[in-house]
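These notes are about the structure you will find just below.
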Amino acid sequence: MSRFFFHASCTLLLLVGYALPAGGQHLPDGAEDWYLDTSDGVDLYVVEFGAATAPGDTVVVLHGGWGAEQSYLWPAVEPLAGRYHFVFYDQRGSLRSPAPDSTVSLQRFVSDLEDLRSELGQERLTIFAHSMGSRLAYAYLRRHPGHVRRLALAGPLVPTGFDGGDKQKMRKARKQFVQWAEKREKAEVAEEGLDRESLSDRDSLSDREATADWRIGFAAGNIYHVERWRRMEGGRAFYNGDIAGLINQNTPDRLQANQFETLQTSEVPVRVIIGDHDLVDFGLVSWPAVADALENVEMTTLQNAGHNAWIDRPGTFNDALRRALRSSNE
């Protein structure tokens with residue numbers, strides 16, 4: 001199986017990340033870190049930075065995974081720190097928020113987010129979610145509809161329960177994605193002189209070269225400009241691969257079903273930012289139909305951009321996110 005993605009519950013998930021070591025890490029300018037003591041006693045690692053001048057300018061950020069961590073998303077929002085106050089946290093079980101396996105479930109993730117909302121003193125949350133973080137956003141909206149101001153979703157998974165897509169096209173798109181990513185990975189590995197065909201023995205790669213080889217494969221599925229692979233830090237030590245399985249094991253099916261209905265019955269504004277080469281909907285065969293079916297959903301498509309679109313199209317992504325986070329009139 002290719003290293004740039006894996007399967008869990010028949011859903012494409014990713015090892016997303018721009019991560020730094022947990023000890024002695026360099027926080028963004030002006031950032032503060034602290035621990036949230038959740039209602040069941042698990043500590044969640046929190047980082048916040050930026051300015052807020054009006055209701056809705058505080059934005060809680062939900063990282064992807066499941067099992068990734070927060071710091072890969074710092075560069076995605078730092079250009080907007082002069083306008084918004086961003087609050088990040090490692091979800092339970094992720095890098096800096098260890099938790100017993102028995103407590104890792106979608107319902108517990110929702111409770112953690114509610115604990116954070118209460119601690120922040122926010123009546124309603126503006127939420128920015130990336131990738132699998134969208135699943136948590138959907139679940140929180142279902143459980144606490146009155147506590148959500150708006151959702152900004154980057155590279156979100158297509159909500160479960162949506163029947164308007166062409167399943168044959170979706171299956172074809174997944175195959176095309178794998179072929180596309182593997183071809184680009186092979187070309188970039190060769191460009192860096194790390195290709196297996198030019199080496200008499202794969203083991204002749206040094207550990208440093210093998211890490212570069214791995215990161216190229218990691219980048220090939222997550223960004224369009226694979227030559228920017230050095231910006232794709234994370235994965236491996238910064239990723240807990242057990243979390244997805246634990247969530248599936250500990251979460252009742254009813255809590256993961258029909259996320260489309262949750263969005264359909266909500267009046268909360270939902271703004272979707274997605275690249276046309278995003279692994280969650282390669283070639284955009286599903287999300288345009290979802291947006292057409294939901295009055296409260298607006299979609300911004302980024303050309304020549306992948307799952308971590310801020311690496312591919314930083315300026316365009318920042319503009320799209322700024323519009324997505326625009327405060328409601330209050």
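Predicted model, so just to flag it, every value in this text is computed and none were measured.
For the residue pair Glu69 / Ser71, a side-chain donor-acceptor distance below 3.5 Å is found, with atom types taken as modelled. No hydrogens or angles considered: nothing links the side chains of Thr301 and Asp276 as a donor-acceptor pair under 3.5 Å. With hydrogens and angles left out, the side-chain atoms of His307 and Asp278 include a donor and acceptor closer than 3.5 Å. Side-chain contact annotation: Gln70 with Tyr89, donor-acceptor N/O pair under 3.5 Å absent.
Ring-plane geometry between His130 and Trp310 is classed as perpendicular, the angle between the planes exceeding 60 degrees on a 0 to 90 degree scale with a lower cut at 30. Ring orientation note: the planes of His147 and His144 are close to parallel, at an angle under 30° on the 30°/60° scale.
Side-chain atoms of Pro252 and Gln107, non-hydrogen and from C-beta on, do get closer than 4.5 Å to each other. Side-chain contact between Val270 and Glu298 is absent, with no heavy atoms from C-beta onward closer than 4.5 Å. Side-chain contact check for Pro100 versus Val42: some heavy-atom pair is nearer than 4.5 Å. Residues Pro159 and Trp287 meet the side-chain proximity criterion, which asks for heavy atoms closer than 4.5 Å. Within the 4.5 Å cutoff, side-chain heavy atoms of Val268 are placed close to those of Leu141. Between Asp57 and His85, every side-chain heavy-atom pair lies at or beyond the 4.5 Å cut-off. Asp112 has its side chain out of reach of Leu116: every pair of non-hydrogen atoms, C-beta onward, lies at least 4.5 Å apart. Proximity of Trp74 to Val61: side-chain heavy atoms (C-beta onward) are nowhere separated by under 4.5 Å.
The two residues Ser286 and Val158 have their closest heavy-atom pair at CB-CG2, 3.7 Å. Between Leu205 and Glu209, the shortest heavy-atom distance links the atoms CA-OE1, 3.4 Å. Between Pro28 and Glu78 the shortest heavy-atom distance is CB-OE2, 3.3 Å. The two residues Arg149 and Thr126 come nearest to each other via the heavy atoms CD-OG1, 3.4 Å. Annotation for Ala154 and Phe128: closest pair CB-CE1, 3.6 Å, computed over non-hydrogen atoms. Taking each heavy atom of Asn222 and Leu279 in turn, the nearest pair found is OD1-CD2, 3.7 Å.
Every side chain to side chain contact (heavy atoms under 4.5 Å, CB included) that Arg322 has, sequence neighbours left out, goes to Leu80, Asp319. Taking the salt bridge (Lys or Arg N to Asp or Glu O under 4.0 Å) definition, one finds that Arg208 meets it with nothing, sequence neighbours left out. By the ring-ring contact (aromatic ring centres under 6.0 Å, His included) test, Phe282 is found to be paired with Phe177, Trp180, His277, residues two or more places apart in sequence or in another chain being considered. In terms of the salt bridge (Lys or Arg N to Asp or Glu O under 4.0 Å) criterion, residue partners of Asp40 (sequence neighbours excluded) are, by chain and number, Arg92, Arg108.
The structure places CH2 of Trp34 at 9.0 Å from CG of Leu44, a figure rounded to the nearest 0.5 Å. Atom CH2 of Trp214 is separated from atom CG of Leu194 by 14.5 Å, given to the nearest 0.5 angstrom. With values rounded to the nearest 0.5 angstrom, Asn240 atom CG is found 8.0 Å from Asp101 atom CG. The distance from the CG atom of Asp195 to the CD atom of Glu185 is 11.5 Å, given to the nearest 0.5 Å. In this structure, CD1 in Ile127 is found 10.5 Å from CZ in Arg117, a value given to the nearest 0.5 Å. Interatomic distance, CG of Asp281 versus CD1 of Ile274, reported as 5.0 Å (0.5 Å rounding).
In this structure, Ser134 contributes its side chain and Ser131 its backbone to a donor-acceptor pair below 3.5 Å. Side chain of Asn258 to backbone of Glu261: a donor-acceptor contact under 3.5 angstrom is found. Between the side chain of Asp90 and the backbone N or O of Ser97, no donor-acceptor pair lies under 3.5 Å. With Ser94 contributing its side chain and Ala68 its backbone, the two residues share a donor-acceptor pair below 3.5 Å. Checking side-chain atoms of Asn250 against main-chain N and O of Val104 turns up a donor-acceptor pair under 3.5 Å. At least one donor-acceptor pair closer than 3.5 Å links the side chain of Asp115 to the backbone N or O of Ser39.
Checked against a 6.0 Å centroid threshold, the rings of Phe49 and Phe88 count as neighbours.
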- Begin with the C-alpha distance, continue with both residues' side-chain angles, and end with the deciding distance and a verdict on side chain to side chain contact (heavy atoms under 4.5 Å, CB included) for Gln91 and Tyr45. CA-CA 8 Å; Gln91 296 155 16; Tyr45 179 72; over 6 Å; no
- Where do Val77 and Tyr84 land on the side chain to side chain contact (heavy atoms under 4.5 Å, CB included) test, with the steps shown first? CA-CA 9 Å; Val77 305; Tyr84 295 97; over 6 Å; no
- Task: Could you walk me through whether Arg135 and Thr160 pass the side chain to side chain contact (heavy atoms under 4.5 Å, CB included) test, one step at a time?
- Result: CA-CA 9 Å; Arg135 290 280 196 247; Thr160 60; 3.8 Å; yes
- Message: Between Arg150 and Val148, does the side chain to side chain contact (heavy atoms under 4.5 Å, CB included) criterion hold? Intermediate values first, please.
- Response: CA-CA 6 Å; Arg150 66 195 299 110; Val148 180; 5.9 Å; no
- Message: salt bridge (Lys or Arg N to Asp or Glu O under 4.0 Å) for Glu192 and Arg215? Distances and angles first, verdict last.
- Response: CA-CA 12 Å; Glu192 294 290 338; Arg215 283 183 172 154; over 6 Å; no
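Residues Leu302 and Val285 do not share a hydrophobic cluster, defined by chaining ILVMFWY side chains whose heavy atoms lie under 4.5 Å apart. One hydrophobic cluster, built from ILVMFWY side chains closer than 4.5 Å, holds both Leu157 and Leu113. No path of Ile, Leu, Val, Met, Phe, Trp and Tyr side chains, each step under 4.5 Å between heavy atoms, connects Val110 with Leu255, placing them in separate hydrophobic clusters.
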Distance-only check: which donor-acceptor pairs under 3.5 Å involve side-chain atoms of residues 161-170, not counting sequence neighbours?
residue	atom	partner	partner atom	Å
Asp166	OD1	Gln168	N	3.1
Asp166	OD1	Lys169	N	3.1

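Glu227 CD: more than 12 foreign heavy atoms inside a 6.0 Å radius.
Note on residues 139-148: no pairs pass salt bridge (Lys or Arg N to Asp or Glu O under 4.0 Å), not counting sequence neighbours.
Evaluated for a side chain to side chain contact (heavy atoms under 4.5 Å, CB included) with Phe109, the options Thr103, Thr251, Ile247, Leu62 yield exactly one hit, Ile247.
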